Amino acid sequence: MEVGLRLGRLRASLDDAGCGALLVTSTTNIGYLTGFTGSAGLLLIDADRAVLVTDGRYRDQAPREIAGTGTEVEVEIAVAGRQQLLKGLTAGITNLGLEANSITWTDQRRFIEWFDGTSLVATDGLVETLREVKDKGELARIGAAAAIADAALAEIWPMLDTGPTERQVASALDNAMRNLGASDRAFETIVAAGPNSAHPHARPGDRTIARGDLVVCDLGAIVDGYHSDMTRSARIGGPGDGPEAEMLTAVLAAQQAGIATVADGVATAAVDAVCRSVLTEAGLGDAFTHGTGHGVGLDIHEAPALSGTSTATLRSGQVVTVEPGAYIAGVGGVRWEDTVVVESGGCRRLTMSPSAT
Ligand code: ZN
Ligand code: ZN
């Protein structure tokens, strides 16, 4: 991964954000910029220096992890002396940027006290914007996480025909992903059958999965901090006919049309509109109750959003999901989701499980 280039890119955005330095408080963003994976720390970045202030638990780990990335970050160990240390480091700074999305009201009040005399500037997504476009090392990690979810689903899929509960299938998928090398699951695995599948974020319960049920499996793995995200749907015993069969066909067509639209330079809202129009034509417009997709990376949900209200434009190297769905109370639901890399002229799927199950 090109961790060493990231601080320079961030520095280049500070002027436009109206600050001479940025205090990074999101531990995910600190990890992205420095390679440090500890759960506590503050990272101060100005035009010349980057200083990570953390506590004694990370005395060995922080310098070791940072050295492994080739970034120029100094490490200071301090707890009680943090305020004095940071006050000193920001002495010449008129405007200090804070990450508005990662600090609490309590943090803000504390920082006003700490940095008395310095004007605090709310910044919005400076590091998150850099994180949207993935480098080769990041793509390899998301690809590995996607391959683990593919393999886990292939291994566990036959179990659906044996009358298990939703919870049994979900925990079998979680175990399979860990056995295949995931550090963890990317989120609480969803296995929802029958009427439960009509809830997009259903939690797996004790319902026995039966013939004729629609079933939605939404799973992802984590590799080296990077997530994958994939959903497959099916009807136990075969698609049959009726509204369940219509939903399976229409949502898959919507997802394929959405994926065919994804490319560098395309508006995120356009991908959403394509999926929505296919489902509307099938009479399922009102049954598609969520946005079409989201960015995936160090967070399971990150920028850009692919929704009707999103104003972003897709760029090469972004990793996004395309996941239209249709949900009818009392009948069930269907969702197809893949994680793809945006490229010029199209996109490349990272989740490769068969689309027709
Ligand atoms: Zn998902
Ligand atoms: Zn998703």
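Every number for a ligand or one of its atoms is a count from 1 in the order of the listing. Keep in mind the model is a prediction, meaning the values are calculated, not measured. Numbering starts at 1 and runs along the sequence shown.
- Under the 4.5 Å side-chain criterion, counting only non-hydrogen atoms from C-beta, Asp107 is not in contact with Thr25.
- Ion pairing between a basic and an acidic side chain is recognised when a charged N comes within 4.0 Å of a carboxylate O; Glu72 and Arg11 show no such pairing.
- His301 lies apart from the Zn ion (ligand 2) in this respect, since none of its N, O or S atoms is found at a distance under 2.8 Å.
- You'll find the ring centres of Tyr327 and His290 inside the 6.0 Å limit.
- Looking at Asp218, its N, O or S atom nearest to the Zn ion (ligand 1) turns out to be OD1.
- Geometry at the Zn ion (ligand 2): OD2/Asp229 and OE2/Glu323 form an angle of 150°, nearest 10 degrees.
- In this structure, Arg178 pairs ionically with Asp184, as a charged nitrogen and a carboxylate oxygen lie closer than 4.0 Å.
- Nearest to the Zn ion (ligand 1), among the N, O or S atoms that Glu337 has, is OE1.
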